[in-house]
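Below is one structure, written out as C-alpha cells; the observations come after it.
Fair warning: this is a prediction, and the values are worked out from it, not measured in the lab.
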Amino acid sequence: MNILKSTSLAVLIFSTLNLFGQEKSKMDAFINELMGKMTVEEKIGQLNLVTGGEATTGSVVSSNVENNIKAGKIGGIFSMSSPEKIRKAQELAIKHSRLKIPIIFGMDVIHGYKTVFPIPLGLAATWDMPLIQQTARVAAVEAAADGINWTFSPMVDISRDARWGRISEGSGEDTYLSSRIAREMVIGYQGDDLGKYNTLMACVKHFALYGAAEAGRDYHTTDMSLHRMYNEYLPPYKAALDAGALSVMTSFNDINGVPATANKWLLTDLLRKDWKFDGLVVTDYTAVNELIEHGLGDLQQVSALSLNAGVDMDMVGEGFLTTLKKSLDEGKVSLTEIDRACRYVLEAKYRLGLFDDPFRYCNEGRAKKEIGKAEHLRLAREAAGKSFVLLKNEGQVLPLKKQGTVAVIGPLANTGANMPGTWSVSADLQKTLSLVDGMKAALGNKVKIVSHLGANLTSDAKLQERSTMFGRTIPRDERPAETVIQEALEVSKGADVIVAALGESSEMSGESSSRTDLNIPDSQRKLLEALLKTGKPVVLVLFAGRPLTLTWEDEHVPAILNVWFGGTETGKAVADVLFGDVNPSGKLPATFPRNVGQLPIYYSQKNTGRPLGEGQWFQKFRSNYLDVANDPLYPFGYGLSYSKFDYGKLQLDKDKFTKGEEIRVSVELSNSGNFDGEEVVQLYVRDMVGAVTRPVKELKNFQKVFLKKGEKKKIEFVIKEEDLKFYNQNLEFVSEPGAFKVFVGGNVRDVQEADFELMD
C-alpha cells in the first residue's frame with residue numbers, strides 16, 4: 001500500500017479538501033474580493049486563534065476576547081460550546097467587525113463529544129474500521145449540533161514507547177493500522193460534504209513525529225533518520241490528508257534540531273510542495289511562544305520564523321497578532337506570507353459554509369435533539385465492548401454466570417469521572433456511571449454486586465493528586481493500608497467471584513502524563529495479592545491508557561480483561577463482556593513489554609547482524625538482555641476470545657509473480673469453540689533481501705471476521721507489488737525483486753508462514 005504517494009479513487013471521492021472547476025473558481029473569486037478589502041491588521045487578525053476558556057487544555061486563557069472580535073483581531077475560538085454562547089460570539093463578529101468575517105469554532109473532540117467512546121488506543125484495539133468511522137461520525141453530529149465546526153483530531157502519531165502518556169490518544173505502534181484508522185476518522189468527521197451542518201473540519205496532529213519523543217517524555221526532542229521517518233512515521237499523516245483532512249496541527253517537539261512549528265522543511269517543502277496540501281496549518285497550544293524556550297529568539301523572531309516556515313494560525317499565544325505588523329515593516333516577513341496564511345483561514349471558513357450562514361451551527365433545537373441520543377449510547381456501548389482485550393482466561397474463568405454475588409473491589413470501581421478516559425473534555429462527568437453502577441444497570445437483579453475501595457490509587461498522595469486532575473478525583477482512605485484491605489476482604493466474603501478494578505486513573509495517561517514505572521501501583525498490587533489469597537476466582541478488570549508491565553499479574557491472576565477507558569458506557573460494556581453477552585474481540589495495537597527496560601518495543605524491528613534465535617533467551621554475543629527475554633509479554637495483535645479459532649493450512653495460488661500481477665493468499669478459519677465470535681485475521685510480510693535493512697515483519701492487511709460456533713470460512717487476501725514497496729536510501733518509493741515471506745495468524749507471534757518471490 002503506497003500510503004505516502006498514491007491516492008485511491010475511493011479516497012478522492014470522499015475528499016472534501018479539493019474543490020474542482022466552478023466551485024473552486026467561485027471560492028477563489030469570493031476570497032480575492034474579500035482580501036482586497038482587508039487591511040494588513042485584519043489579515044493578521046484572521047491568524048489569531050484564542051480560547052474561550054471552557055475546557056482546560058493548557059496553561060493560558062485568552063483575555064480581551066470580546067474587544068478583539070469586534071476589532072477583527074480574532075479568526076477562531078476554541079473551547080467554547082453551546083449554540084447560545086457561540087451565537088453571541090459570532091454576533092460580535094458579524095454585527096460589530098468592519099468586514100463581518102465569521103469566526104471558526106474548534107474543540108478537542110478526540111474520542112466522542114458528550115457521548116464518549118473508548119480512548120483512541122482502545123478504538124484501535126477494535127480493528128473495526130466501519131465502527132471507528134461511525135464513532136467519528138457521531139462525534140461530528142453531536143459537536144456540530146452544539147455549535148462546533150472544527151475538531152483537533154485525529155491524532156495519528158506513531159508511538160512505540162509506553163512511557164509517553166499520549167500513546168493513549170493515538171492508534172499505537174503500527175504504520176499500516178494507524179494509517180487505516182486515520183482515514184476512517186477523517187471521513188467520519190468530514191463526511192462526503194464538509195458544507196453540511198453536521199460535519200466537523202478534521203485536523204491531523206501532531207505534525208510530526210511527536211510520538212517518538214526521547215525517553216517517552218512529553219514535548220521532548222525527536223531525532224530520526226529520513227529513512228525511518230518516511231517508512232514508519234509519516235504514512236499515517238499522509239493517509240489522513242489523502243482522505244481529505246482540511247487542517248494540520250504542528251507538534252511541540254523539535255525534529256532533527258528544528259522545532260516543528262518553525263520547521264520550513266516540514267511545513268513547506270514536505271507538506272506543501274511534496275504532498276500538495278492546500279489546507280490550513282495551525283500550531284498547537286502556545287507552540288509559537290514556546291520556540292523562545294527552544295532557543296530560537298524572542299517573540300517577534302519566533303513568530304516570524306513560524307509564519308515563514310508555513311504556519312497559518314497561531315493558537316493562543318498571540319505572537320502573530322502582536323508582532324507580525326512590526327516584522328512586516330522591518331522586512332522580516334512579507335505581505336505574500338501573511339496573505340497566504342490569511343487565505344487558508346478564509347478558505348476553511350468558506351468550505352464550512354460560514355460565509356453563507358455564520359449561524360448554521362447555532363441551532364438549540366438540534367442540540368437538544370442530537371446530543372446523547374439513545375442510538376449514540378448504543379454505539380458507545382458496542383464500541384467499548386469491542387475495544388476490550390482479553391489478555392488471559394486460565395481455566396475459562398470467564399464468562400461469569402449471571403447469578404450469585406460479585407464483589408467489585410478497587411479504586412476504579414466507583415469512579416464515574418474516570419470512565420471516559422483522558423482528553424474527554426466535553427464529557428459530563430456527573431452523569432457518567434461508575435463501573436459498579438454501570439454493571440448494576442446492565443445486570444439488574446440477576447446478580448448481587450457488592451463493592452469497596454480496597455486500596456488507594458497509589459500510596460503516594462502527591463502522585464495521586466497529579467493523577468486525578470480535571471475533576472477525575474478518586475477518594476483516598478488515609479487509614480493504614482492493611483485496615484482498608486481487610487475491610488475489602490470482609491465485603492468479599494460472601495462473593496462467588498471477585499472483580500478487581502485496578503490500574504491507572506484516566507489522567508495517569510494523556511498529555512504531560514509520562515511515567516517511568518508502568519507497573520500497577522504498589523498499593524493496588526498489595527490489594528490484588530490479598531484478593532488472590534482468598535481462594536475465590538479473581539478477574540482483573542484492568543484500566544489503562546497505555547501498555548502496562550503485567551508480568552506478575554500474568555503469572556498469578558487467572559483472568560485479565562484490559563478495558564482501557566471505554567467511555568460513557570464503560571460499566572455496562574464491562575458487564576456485557578464479563579457475563580458473556582459480548583464475546584471479547586479486541587486485539588492489541590501496541591506491544592506490552594515485560595518491563596520498562598525493554599522500551600521502546602515494537603514488533604516491526606530490524607533483525608541486526610547478530611539476531612537471537614526465535615523463542616530463545618540469552619546467548620553471548622547476540623542481541624539480547626542478560627536479565628529478561630527479548631520477547632514481549634503480550635505481542636502486537638494479541639487478544640483472546642471466549643471462542644477458539646483454528647487456522648487451516650496457509651495457501652498461496654502461486655509462489656512467484658511479476659509487477660502488475662498479484663498473489664492470492666488464503667486460509668480456512670474455523671470457530672471450534674462454544675461461542676459465536678469475531679477474529680482479526682492478520683497478514684504480515686517480510687522482505688528477505690533488500691538494498692536497505694527491512695523489518696522482520698510488517699502488517700499489510702487484516703480482516704475482522706464474525707463466525708458462529710462451528711462455522712468455517714475461507715479468508716482471502718491479495719498481495720500486489722504496491723504492498724511490497726518501501727522508501728529506499730534515496731527516498732524513492734520502490735519494490736525490489738527477490739524473496740519474501742508471508743505470515744497469517746491471530747497476532748504477530750502466532751502465525752503460519754509461506755514463501756514467495758517477486759520477479760522483475
Side-chain angles (χ1 to χ4, degrees), residues 35 37-53 57-80 89 92-93 96-99 101-106 150 152 247 249-252 258-264 267-268 280-346 348-349:
M35 290 184 66
K37 300 174 184 176
M38 297 174 73
T39 65
V40 169
E41 289 80 5
E42 286 169 331
K43 291 175 180 178
I44 292 172
Q46 286 299 304
L47 317 186
N48 187 28
L49 176 63
V50 302
T51 175
T57 59
S59 58
V60 179
V61 175
S62 304
S63 60
N64 203 29
V65 172
E66 183 172 328
N67 288 333
N68 279 341
I69 293 174
K70 291 179 180 179
K73 293 182 177 180
I74 288 177
I77 298 175
F78 77 97
S79 291
M80 177 182 287
L92 292 174
H96 298 283
S97 69
R98 187 178 76 90
L99 292 176
I101 298 174
I103 293 170
I104 189 171
F105 292 89
W150 187 14
F152 303 117
S247 63
M249 180 184 290
T250 65
S251 56
F252 287 118
V258 182
T261 305
N263 196 315
K264 189 169 185 177
L267 302 180
T268 296
L280 172 65
V281 175
V282 63
T283 74
D284 208 334
Y285 203 105
T286 65
V288 171
N289 307 60
E290 292 168 25
L291 296 174
I292 300 169
E293 292 292 349
H294 274 286
L296 298 190
D298 61 21
L299 184 60
Q300 182 184 354
Q301 289 173 303
V302 298
S303 297
L305 279 172
S306 297
L307 182 76
N308 290 331
V311 168
D312 304 315
M313 209 169 197
D314 174 14
M315 184 186 286
V316 178
E318 300 194 349
F320 282 11
L321 185 70
T322 58
T323 72
L324 283 188
K325 179 60 168 63
K326 186 172 185 287
S327 291
L328 177 66
D329 294 340
E330 295 173 354
K332 294 174 180 174
V333 302
S334 68
L335 184 58
T336 300
E337 293 298 318
I338 292 173
D339 282 349
R340 176 218 78 217
C342 180
R343 177 175 291 275
Y344 282 126
V345 174
L346 296 176
K349 295 177 179 183

Query raised in the report: When you look at Q46 and K349, which way does the side-chain hydrogen bond (donor to acceptor under 3.5 Å, both in side chains) test go after all the steps?
Result: CA-CA 11 Å; Q46 286 299 304; K349 295 177 179 183; 2.6 Å; yes
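- A donor-acceptor pair under 3.5 Å links the side-chain atoms of H294 to the main chain of F252, judged by distance alone.
- The CG atom of D312 sits 10.5 Å away from atom OG1 of T283, with the distance rounded to the nearest 0.5 Å.
- The side chain to side chain donor-acceptor pair (under 3.5 Å) pairs that include a residue from residues 65-76 are N64-N67, where partners are two or more places apart or lie in different chains.
- Within the model, atoms CG of L335 and CZ of R340 stand 12.0 Å from one another, a figure rounded to the nearest 0.5 Å.
- Between the side chains of E318 and T322, no donor-acceptor pair of N or O atoms lies under 3.5 Å.
- Ring centroid separation for the pair Y285 and F78 comes in under the 6.0 Å cut-off.
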Requested in this report: Carefully, step by step, assess D339 and R343 under the rule salt bridge (Lys or Arg N to Asp or Glu O under 4.0 Å).
Outcome: CA-CA 6 Å; D339 282 349; R343 177 175 291 275; over 6 Å; no
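- Applying the salt bridge (charged side-chain N to carboxylate O under 4.0 Å, His left out) test to E42 and every residue at least two apart in sequence or in another chain returns R98.
- Looking at T286, its side chain never comes within 3.5 Å of a backbone N or O of G317 through a donor-acceptor pair.
- Between K332 atom NZ and L307 atom CG the span is 14.0 Å, to the nearest 0.5 Å.
- A side-chain donor-acceptor contact under 3.5 Å links D314 to the backbone of F320.
- Between the side chain of D284 and the backbone N or O of A287, no donor-acceptor pair lies under 3.5 Å.
- Taken to the nearest 0.5 Å, the CG atom of L267 stands 11.5 Å off from the CG atom of N308.
- Within 6.0 Å of atom CD in E330, more than 12 heavy atoms from other residues, nucleotides or ligands are found, so the atom counts as buried in its surroundings.
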